Amino acid sequence: MRIGVFICHCGSNIAGTVDCAGVAQRAAAYPDVVYSTDIMYACAEPGQDAVIAAVKEHGLTGVVVASCTPRMHEPTFRKAVERAGINRYMFEMANIREHVSWIGKDVEANTNKAAELVRMAAAKLRLNRELKPKSFPVTKRVLVIGGGVAGIQAALDAADAGLEVVMVEKQPTIGGKMAKLDKTFPTVDCSSCILGPRMVDVAQHPNITLYAYSELEEVSGYVGNFDVKIRKKATYVNWDKCTGCGLCTEKCPSKKSYDRFNEGVGPTTAILIPFPQAIPKKASIERDYCRLFNQGKCGVCAKVCPTGAIDYAMQDEIVEVKVGGIVAATGYDLVDWTVYGEYGAGRYPDVVTSLQYERMLSASGPTGGHIKRPSDGKEPKDVVFIQCVASRDPSIGRPYCSGFCCMYTAKQAILTKDHIPDSQSYVFYMDIRSPGKGYDEFTRRVQEEYGARYVRGRVSMIYPKGGKLVVRGADTLMGGQVEVEADLVVLAVGGEAAAGSPALAEKLRISYDGYGFFMEGHPKLKPVETNTAGVFLAGACQGLKDIPSSVAQGSAAAAKAIGLLSRNMLDSDPQIAFVSVNRCVGCRKCIEVCPFKAIREIDMRGQPKAEVIETVCQGCGLCNATCPQGAIQLSHFTDNQILAEVEALCRF
Amino acid sequence: METVCLNKSDDAFVKAVEAESGQRVSRCYQCGNCTAGCPMFFTFDYSVSRIMRLIQAGQKEQVLSSSAVWLCAGCETCTQRCPNEIDVAGVMDACRHIAGRERKFGARAVSAFFKAFMDSVRFNGRSHEVGTMALYMLYTGRVWTDVELAPKILPKGKMPLLPHRIAGRKEVAEIINRFNQGLSDPDLVRAGSATQGASAKEAVS
């Protein structure tokens, strides 16, 4: 083999603490190395051209580039060596930036370590074999998990591009959090007026199949061909027969159910249609509140239903679909704010969350759009808004900024003045974060035109006093303590990853951060991809964001899915396991450890043997490490290749 | 008001407060929740959050000469409310100790009462209210303070005129002497708190 070694300076990133020319000089003496040089920026066009020229000039058959992490530029250099006419797997990368220059200041030690890493890469390269991908057909269908505004946008864009879309929504209706909002900032548009038509489009689009009140049960398979199981939860109403007439909801005698859509602002019935514009507009029974399920007798809804749609014996159903790509758009939930004893921990009825306040403001909400105090139904005059509740609070494990509360609070203060002209709003804030188009102007308008009094400081306690709530906080700009007697207190509660996000991430085999938000492939360059091929992210499940950003990500994720599925065939990654049948004893250990069910047992002349299903194997190497015989090996990472690296390192 | 020169930040003071309180004042993002809940705020010259800000800026003189560090009741409402989990009351306590060592008494009546109480315990082995009051009047010169209460309290026998001295008062006096010595010798305090911290850790493990 004729190996060429290229040591990248990465400007001063590497050259600052590594003697790159010295490393190149040492590498020239390594076995099979026939050419060695240092290079200013290996990834730049002149750098790649230099690699290609060297391959041709010196007849190289393998290339080592020592530069940054392979996660950054391995694909770049593989393509470059391919252009030079050698197989893309006859290339090795030594990470001398993240693993060397960025983490140490001692030039001599760094140079030694860099030289060792290059020696290891060259030693492994000597045992590399040419690998060629196989191609396989893709399923031109996308699964969208979550029917909020991000999921709706992703589904419509993908469907308009001609892909089939399967949408799964946990709640009985799509619309997500946006459907609960009365108005949107900074234009004060009616939320359901702009979202409603999109929801209808989802229902009517010939390419979209909607599974509402359903959850993802299981995902197997791989990019281009995922096998998905969806659990359709029992609604106890046959949706093929239900016309959404609402007769059942009028007659249901169980009238104290928790109203999930209206955030518990008012009670509702056990059988219900969440709201007038619900998609699908079908009734479902909340089993926990239904008299028939809990007391054994009732059945009023079945009696009044004109189409005989009620089915108390309904069971959950599992639906199986095959999809090529997946968009996760599972959104967020509000943090449980009742951890704050100083705000009453839920004991004071007139302390409400921002989302409950939205439902009070909404004309289709339980108060018909009239702001009423939950305690006595009176119209409040002094309304206090407290921002950063459960945001930017390390003491409860929520140190991040939720990002949208400053803006929706300003909007709610404007709406309060619109609804009750002689009201006065007070907003306790820590910082006003309004970096969006027209956003900061909006927060000025609420103070200058609508007269909301903004107070810079947190609130330490709320206590009842003669039918009012006393809010005691700080005004740090004034330099002291302040008190407001309020009729109603609205907590701008921050968001967190939707309940069950980590469990879903594990099903999808994607990463999530310490708070349960899904991890993007790269924080800047791959914002909607994940590290699992074929799985994309949209909206607040990746990190809290407002409606415009969620919509933008919905479109971006759809574009990624469309791009992926625009091809008829995909190339498989050839870095997969293979079995030496003469060594395999058929012990089945590899079959048990494989997390992808990619190994099956076959019969070879009466002997049981393992066989790798090439399109399913993800190349994780668990089988390789488990096999007692060393019979199953991972291409490109065989035992011999790893041992060659170890030997290159432990020479003394 | 004087212009505060931010270049003149006394970093040694910031480090001393952090070492003595075991807190990192840079964690404070000035939300004001400590000030918001402080029941002693009405007596303070600087609110708690402003004291925190002055410490961050290394403004030693202003912090140590403030009355707030002496008037803090140590109720720890600030500590409980702080979203950044800073023991704010502990920071106030550290400032009070540093001020005491440097003979800076921003609220003389408080430090005088502190001294009167400790002296009373040193003499008698336990507190003697009338003696404490007499010493307090002596140290502050506020002779008529609360004297109008005497006709109501004395007949009830709740405050005996003569002290009740306990048997081990020499040992108690020794403890207080050591404490006073420590006040004038910061190294001793630090060594003491270090061993205290170590023993607390042992107790936990």
Side-chain angles (χ1 to χ4, degrees), chain A residues 335 337 339-345 384-402 405-406 426-433 454-463 469-484 486 489 491-494, chain B residues 1-4 22-57 59 62-63 66-69 71-92 106:
Chain A
V335 179
W337 70 273
V339 294
Y340 292 103
E342 60 265 41
Y343 298 161
V384 171
F385 296 88
I386 305 176
Q387 291 190 183
C388 292
V389 175
S391 288
R392 304 177 66 194
D393 189 344
S395 75
I396 63 154
R398 294 283 173 266
Y400 53 80
C401 169
S402 292
C405 321
C406 287
Y426 301 84
V427 179
F428 282 90
Y429 71 98
M430 286 213 290
D431 300 287
I432 299 176
R433 297 189 165 173
Y454 269 60
V455 184
R456 201 228 166 257
R458 270 199 191 263
V459 167
S460 177
M461 63 172 135
I462 302 170
Y463 61 94
L469 291 164
V470 180
V471 179
R472 181 180 292 170
D475 186 330
T476 62
L477 302 181
M478 218 190 283
Q481 218 169 51
V482 290
E483 257 183 13
V484 189
V489 178
L491 305 178
V493 181
Chain B
M1 296 283 274
E2 256 181 73
T3 304
V4 171
Q23 307 298 310
R24 271 178 51 214
V25 292
S26 59
R27 281 181 67 93
C28 172
Y29 58 25
Q30 285 291 308
C31 70
N33 215 351
C34 46
T35 297
C38 178
M40 298 304 287
F41 170 73
F42 71 101
T43 68
F44 284 9
D45 49 358
Y46 295 114
S47 64
V48 199
S49 49
R50 287 181 71 188
I51 293 282
M52 290 298 291
R53 185 76 191 126
L54 287 166
I55 298 171
Q56 284 178 333
Q59 300 302 311
Q62 287 195 62
V63 174
S66 74
S67 68
V69 296
L71 292 167
C72 166
C75 72
E76 301 194 347
T77 304
C78 46
T79 298
Q80 200 278 330
R81 296 284 195 271
C82 178
N84 293 309
E85 296 177 302
I86 303 168
D87 177 6
V88 185
V91 172
M92 293 293 272

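Every value quoted in this text rests on a predicted model; they were computed, and no experiment measured them. Here is how names work: the chains are called A, B, and so on, in the same order as the sequence lines, proteins then strands, and each is numbered from 1.
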Evaluate the criterion side chain to side chain contact (heavy atoms under 4.5 Å, CB included) for residue pair A:Gln481 and B:Cys38; output intermediate values, then yes/no. CA-CA 8 Å; A:Gln481 218 169 51; B:Cys38 178; 4.2 Å; yes
Can you say whether A:Arg398 sits under 4.5 Å from chain B via the side chain, the backbone, both, or neither, judging by heavy atoms? neither
In terms of heavy-atom proximity below 4.5 Å to chain A, should B:Arg27 be classed as side chain, backbone, both, or neither? side chain
One option among B:Ser47, B:Ser49, B:Gly37 has the most heavy-atom pairs under 4.5 Å with chain A, and it is B:Gly37
Check B:Cys31 against A:Thr476 and note the closest heavy-atom contact, atom names and distance. O-CG2, 3.9 Å
Using non-hydrogen atoms only, which part of B:Phe44 is less than 4.5 Å away from chain A: side chain, backbone, both, or neither? neither
Heavy-atom closest contact (A:Ala474 atom, B:Gly32 atom, distance): CB-O, 3.0 Å
Is the backbone N or O of A:Met430 less than 3.5 Å from a side-chain atom of B:Tyr29, with the two atoms forming a donor-acceptor pair by type? no
For residues A:Pro394 and B:Pro83, report the shortest heavy-atom separation together with the two atoms involved. CD-O, 3.1 Å
To the nearest 0.5 angstrom, please state how far the OG1 atom of B:Thr35 sits from the CE atom of A:Met478. 12.5 Å
With rounding to the nearest 0.5 angstrom, report the CG to CZ distance, A:Asp393 to B:Arg81. 12.0 Å
Heavy-atom closest pair, residues A:Arg458 and B:Ala36: O-CB, 3.6 Å
